Amino acid sequence: MTRILAIETSCDETAAAVVTDELEVCSSVVSSQIDLHASFGGVVPEIAGRAHVELLEPVVAEALELAGGSIRSPGVDAVAVTCGPGLIGSLLVGLSGAKAMALAWDLPLVGVNHLEGHLFAALLERPELASPNVTLLVSGGHTMLICVEGPGRYRLLGGTIDDAAGEAYDKVARYLGLGYPGGPAIDQLAATGDPRALSLPRSMREGLDLSFSGLKTAVIRAVEKRPDIEVADVAASFQAAVVDVLIAKAMRAVAMVDARALVLGGGVAANSALRAAAVEAARVAGIDCALPSMAMCTDNAAMIGAAGLFRLRHGLTDPLSLAADPSAQLEMALG
Ligand code: KG4
Ligand code: ZN
């Protein structure tokens, strides 16, 4: 059995995991820095980089120990690490650490694209997932509709032309004074609000691209006109508009590629309204729906391990000169 140590430090989560080639997660440790960034209203790259430096070694040690190994005797066959996209200072910490470990332990190094990691998150929990599937990848930095024809074979169908879905959540939450990160706060508040309180636009432009910056502006204008409106009603109305657009586009993509499953991924996939709408839309379309657990939606290293094992199996290892690429694109055909 092959076991891989995976490291993820692309943004504000320091994470390490040990995963087997049977997709068993032996350990998955995630140390969130949310508390460090919350008072600044968003991720501060310098603070994130410094926190990764402090947290990487203890997080890796814990992941190895939970999987029965240690820093001295890791008990793994390779080291996988996120090499992009993400914050350069954050990526470099994980990448340098992974290189040092691969060198010291004389193990192959496997660089993993963070977005590909998110695509593998669903497979970790649903290895039998049917393909082709349409994966709606919605996070703080990305909003993508991807046709997954099989592991390693992807087709980008559409993406946001401006703000990512999570970014829209965070910006609207900041405007409403709900703090950072905004997604969970709006999600919770929306449950008690009226989604029809504000009539907000659904940007259903042709094709599969999405846009959220107009919605954010519409929320601000609507609140300016009705300053007494309940914050919960604003949250519910905004969330309903986001979910309507995401699901409509996702189902358009499902029809286009004749997908057998709808899959959610990324931090916004933790959203309760989006999850409920995805299940319902998939049921109506008569296809499978895969909703990763909350821990698999947000950034973690187990998903990087799963993607790393796939690359390792296809001989796709990297030299110790591997560079971090903050704006790395998803490679569309591997293996
Ligand atoms: O995937 P992720 O952990 O990090 C990135 O790679 O960006 O996603 C973080 C994003 C943030 O914008 C956060 O507000 C959003 O996911 N998010 C949510 C929820 N939980 C996290 N958005 C809506 N509803 C949620 N429950
Ligand atoms: Zn992510």
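Counting convention: from 1, in listed order, for ligands and their atoms alike. These numbers were taken from a predicted model, which means no experiment stands behind them.
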Query raised in the report: Once the angle between the rings of His114 and His118 is folded into 0 to 90°, is it parallel (under 30°), tilted (30 to 60°) or perpendicular (over 60°)?
Result: perpendicular
Report summary line: The number of protein N, O or S atoms lying under 2.8 Å from the Zn ion (ligand 2) is 3
Does the distance from a Lys or Arg side-chain N to an Asp or Glu carboxylate O, for [X] and [Y], drop under 4.0 Å?
| X | Y | value |
| --- | --- | --- |
| Arg221 | Glu224 | no |
| Arg50 | Glu46 | no |
| Asp163 | Lys216 | yes |

Query raised in the report: Do other residues, nucleotides or ligands put more than 12 heavy atoms under 6.0 Å from Glu206 CD?
Result: no
Query raised in the report: Does Arg260 CZ have over 12 foreign heavy atoms under 6.0 Å away?
Result: no
Looking only at heavy atoms, which two atoms of [X] and [Y] are closest? And how far apart?
| X | Y | answer |
| --- | --- | --- |
| Gly140 | Ala164 | O-CB, 3.5 Å |
| Ala173 | Gly182 | CB-CA, 3.3 Å |
| Thr9 | Val93 | OG1-C, 4.4 Å |

**Report entry** Proximal protein residues to ligand 1, non-hydrogen atoms under 4.0 angstrom
**Finding:** His114, His118, Ser139, Gly140, Gly141, Gly166, Tyr169, Asp170, Pro181, Gly182, Gly183, Pro184, Asp187, Gly266, Gly267, Val268, Ala270, Asn271, Thr298, Asp299
